[in-house]
**Student:** 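Sharing a structure below in structure tokens format, with a few things to ask.
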Amino acid sequence: MHSEVRNAKRFQQEVYALVRSIPVGKVTTYGTIARALGAPRHARQVGQALAGMSEDDDAPAHRVVNCSGVLTGEHAFGPPGTMRALLEAEGVTFREDGRVDMARRLWDPGPE
DNA sequence: AGCATGACGCCTA
DNA sequence: ATAGGCGCCATGC
């Protein structure tokens, strides 16, 4: 157990905590989360952290999309269409092209 | 140590 | 508006 791994785990926990505060009906992005955590160049690591989430985690990871409103984490929610269904059930609206309407649904906690 | 991979995002044409 | 190129950085082999 090296310190690098510990830090990665702590980062992972911080990501989950922030994801848990995303309001129902809203979405945020990997980059937005990274910035909020003071690590603006770690958008990829945010995705990595979510990929490592265990089944029983309560964090609503389906509310995290990429900066274009594309559901890039869709594959982690079982059958195709599941992630979108979860979001629509919460009132998230989609554009005709299948992307989330970011202009109206983006949630940004800002730097803390 | 080097190379590939990825739930990313900015810049450019 | 959008597709490609490229920078970024943790992980695994």
Side-chain angles (χ1 to χ4, degrees):
Chain A
M1 184 82 71
H2 296 279
S3 60
E4 316 247 326
V5 177
R6 267 213 339 278
N7 286 333
K9 239 169 201 176
R10 193 175 60 214
F11 179 76
Q12 193 175 44
Q13 294 312 309
E14 292 174 359
V15 169
Y16 297 164
L18 214 157
V19 168
R20 276 190 280 269
S21 59
I22 305 172
V24 173
K26 291 285 186 176
V27 300
T28 193
T29 75
Y30 303 93
T32 300
I33 291 173
R35 284 194 299 277
L37 295 180
R41 303 287 140 55
H42 289 63
R44 296 189 94 126
Q45 281 56 240
V46 171
Q48 190 174 241
L50 294 183
M53 260 195 0
S54 51
E55 305 277 333
D56 48 277
D57 254 309
D58 54 329
H62 60 280
R63 296 182 192 147
V64 185
V65 304
N66 82 353
C67 67
S68 305
V70 175
L71 311 190
T72 49
E74 202 265 344
H75 61 79
F77 297 88
T82 305
M83 183 174 179
R84 171 162 178 165
L86 287 170
L87 289 170
E88 292 184 316
E90 299 179 342
V92 174
T93 55
F94 286 73
R95 300 166 56 95
E96 195 58 42
D97 60 15
R99 299 183 306 153
V100 174
D101 182 354
M102 298 304 273
R104 291 202 288 189
R105 303 293 168 176
L106 176 63
W107 176 75
D108 186 345
E112 286 305 302

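Labels below follow one simple rule: chain letters A, B, ... track the order of the sequence lines, proteins then strands, and each chain is numbered from 1.
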**Student:** Does B:dG9 have its OP1 or OP2 closer than 4.0 Å to a side-chain nitrogen or oxygen of A:T29?
**Tutor:** yes

**Student:** State, to 0.1 Å, how close A:H62 and A:L86 come at their nearest heavy-atom pair, and which atoms those are.
**Tutor:** CD2-CB, 3.8 Å

**Student:** In whole Å, what is the span from the CZ atom of A:R95 to the P atom of C:dT2?
**Tutor:** 8 Å

**Student:** Measure distances between side-chain N and O atoms of A:R44 and base N and O atoms of B:dC8, and say whether any donor-acceptor pair falls under 3.5 Å.
**Tutor:** yes

**Student:** Show every donor-acceptor pair shorter than 3.5 Å between a side-chain atom in residues 42-57 of chain A and any protein atom, with sequence neighbours excluded, or say none if there are none.
**Tutor:**
from  : atom 1 : to    : atom 2 : distance (Å)
A:S54 : OG     : A:D57 : OD2    : 3.1
A:D57 : OD2    : A:S54 : N      : 3.4

**Student:** Could you state the CZ-P distance from A:R99 to B:dG9, rounded to the nearest angstrom?
**Tutor:** 13 Å

**Student:** Roughly, in whole Å, what's the span from CG in A:L87 to C1' in B:dA7?
**Tutor:** 13 Å

**Student:** Starting from P on C:dT11, measure out to CZ on A:F11 and report it in whole angstrom.
**Tutor:** 10 Å

**Student:** Just by modelled atom types, is the A:G81 backbone N or O under 3.5 Å from a matching donor or acceptor in the A:E74 side chain?
**Tutor:** yes

**Student:** In whole angstrom, what separates A:Q45's CD from C:dG12's C1'?
**Tutor:** 14 Å

**Student:** Rounded to whole angstroms, how far apart are CG on A:L106 and P on B:dC8?
**Tutor:** 16 Å

**Student:** Can you identify which nucleotide, out of B:dC10, C:dA10, B:dC8, has its nearest atom closest to the A:H42 side chain?
**Tutor:** C:dA10

**Student:** If we check side chain to side chain donor-acceptor pair (under 3.5 Å) with A:Y16, which of these qualifies: A:Q12, A:E14, A:R20?
**Tutor:** A:Q12

**Student:** Of all the choices, B:dA7, B:dC8, C:dA10, which nucleotide is nearest to the side chain of A:H75 once you look at every atom?
**Tutor:** B:dA7

**Student:** Can you work out whether A:R35 or A:A76 has the more 5'-proximal nearest nucleotide on DNA chain B?
**Tutor:** A:A76

**Student:** Rounded to the nearest angstrom, tell me the gap between atom CG in A:L86 and atom P in B:dA7.
**Tutor:** 19 Å

**Student:** Where the side chain of A:Y30 is defined as all heavy atoms beyond and including C-beta, which of B:dG9, C:dC9, C:dT2 is the nearest nucleotide?
**Tutor:** B:dG9

**Student:** Touch check for A:S68, heavy atoms < 4.0 angstrom, all strands: base, sugar-phosphate only, or nothing?
**Tutor:** nothing

**Student:** Is it true that atom CZ of A:R95 has more than 12 heavy atoms of other residues, nucleotides or ligands lying nearer than 6.0 Å?
**Tutor:** no

**Student:** Among B:dG9, B:dA7, C:dC8, which nucleotide sits nearest the side chain of A:A43?
**Tutor:** B:dG9

**Student:** Just how far, in rounded Å, is P of B:dC8 from CD of A:Q48?
**Tutor:** 11 Å

